[in-house]
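Counting starts at 1 for both ligands and their atoms, following the listed order. Numbers here are sequence positions counted from 1. Computed from a predicted structure; not experimentally measured.
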Amino acid sequence: MPRAVHVKAGTVLFRTGEPGDVAYFIDSGLLQIQTHPGPDAVILAQHGKGQLIGEMAIIDGGPRSATVIAAEDSVLYPVSRDQIASRLKTVDPVIRACLETVLVRFRATMRTLSELQAKQAATPHDSRSDAPSAAALRQAVESLKLETEIRSGIERGEFVVHYQPIIALDTGDLHGFEALMRWEHPRLGRLGPQHFIPVAESAGLMPELTAWLVDAAIEGLLTIDLGLAVPHTSARAPRLSINVSAIDLAEDRLVTHLRARLRAHEVPPARLTVEVTETALMTNTEQAVAQLQILRDLGCGVAIDDFGTGYANLSYVRTLPASSLKLDRSFTAAMTEDALTRRLVDSVLTLGRDLNMAVVAEGLELSEDMVLLRQMGCPYGQGFGIARPADQVHMAAWARRWQKGERPAPFKDAAGLAGPMERTNRAQISTLKEDQLS
Ligand code: C2E
Ligand code: CA
Ligand code: CA
């Protein structure tokens, strides 16, 4: 979204009949909607802070149905047709058809109404009292602001990668790291991915963000590698997992970029795993599966993330080019108390063995989680109980200590898995700060 536009009172924003390719969110001020330019026009409405104007033209490409003049000095956020087009593409086709129908009918009604109002010189409708829609529009403005800021944030280096280790549960060996994105937002502080990935997805910015992530995550991995005994060119060095969205797999840009970066840094493809959720695979099946197969053929790993939370049935999982399953943390959290969940986890572990897919249990917070999963034969684990995600500098220091055999609490004793973590409960663990490594 372009930056805010400041208009002086009296400025004509657009005229009736003109082609329209931009709408405006009103951040402050007052705009007047009238039948046509000129002193004899009938005023149809006045819109103020939090309202949207000119939206129809950017959705259906039709001509402006009214003239808009700034009644006061105003600050506006333009929204272009391109921005709407990328969002409309992701909208369910039934919803899109409804929206288009509503617009056609709305335009017809507007024409009739404005003819009537012109005849009767009706009292202008002041929409500033429409509270519920104002709240919804404010949310939309915030999301559009974030969209602009994502673009500039990438350029300004506001995004950072944090790494969380994945370990082999039987030996405690460091298996790899998952790269997790964070945004050091100048206005809002550190934002987790749930605050910006959905915005980036609907605004069509995901390919850009993922390309950035690939570069940054590989560079960070090389920094962590420096402190470890195994050279970065060895396939035995710790792995890197990156998360990708369904949109990233809709075209071959990601795979091409990944291949190039791995080659440029001499990182063996076997060190890289792409994580994709079951749900993402359901939305874009054929294309996504084809891209994942290319990655597998290259030698990269493919992990099905949040496994168990989607609707993938077993015969479907069998057909996926995946090398590992990441057991969602809701299972880990419930299994120590609930026998049925334990049986479900057991069946996922059996499925993994039968399909030759490694299982990584997520959300290991307590030592009892680790003890149980290890007893059940789960090969890998990841969670706050081992280490919280941290930036490359902190993670490099953690990995060095870990590889030297300095195991944090749950791994200290001979069995490798008992320690003071038992005295901490899940609620306490979840409130610890991000960079607080175990
Ligand atoms: P995910 O892929 O399931 O990542 C694991 C999430 O669980 C991370 O949250 C991590 O901080 C959190 N976590 C790890 N261990 C524990 C634990 O023991 N207890 C609890 N309560 N949580 C734990 P985060 O970093 O907020 O990421 C959330 C989601 O955002 C990720 O879920 C992933 O789906 C997405 N995401 C993160 N980075 C990226 C990215 O670069 N690209 C894309 N497309 N998605 C990303
Ligand atoms: Ca993940
Ligand atoms: Ca997950």
Is there a side-chain contact between Asp305 and Glu362 (heavy atoms, below 4.5 Å)? yes
field: Heteroatom distance test (Gln382, ligand 1): nitrogen or oxygen, under 3.5 angstrom
entry: no
**Prompt:** Within the structure, does Met181 bring an N/O atom to less than 3.5 angstrom of an N/O atom in ligand 1?
**Reply:** yes
Ser330 and Asp328 side chains, donor-acceptor separation under 3.5 Å: yes
Practice item. Tell me, please, if Asp306 has any N/O/S atom, main chain or side chain, under 3.0 Å from the Ca ion (ligand 2)? Key: no
* Asked: Is there any N or O on Gly383 that sits under 3.5 Å from an N or O of ligand 1?
  -> no
Check: Purely on distance, is any nitrogen or oxygen of Ser245 under 3.5 Å from one on ligand 1?
Finding: yes
Logged contact type for Lys326 with ligand 1, heavy-atom cut-off 4.0 Å, is neither
Result for side-chain contact (heavy atoms from CB on, under 4.5 Å) between Pro379 and one of Val360, Ile167, Leu373, Val359 points to Val359
### Message
Would you call the rings of Phe196 and Phe159 parallel, tilted or perpendicular, taking 30° and 60° as the class edges?
### Response
perpendicular
Which of Thr210, Asp252, Asp215 passes side-chain hydrogen bond (donor to acceptor under 3.5 Å, both in side chains) with His257? Answer is Asp215
### Side-chain (Asn243) to main-chain (Ala179) donor-acceptor, under 3.5 angstrom
yes
Output field for angle at the Ca ion (ligand 3), Asp305.OD1 vs Glu362.OE2, rounded to 10°, should show 90°
Heteroatom N/O/S of Thr277 within less than 3.0 Å of the Ca ion (ligand 2) = no
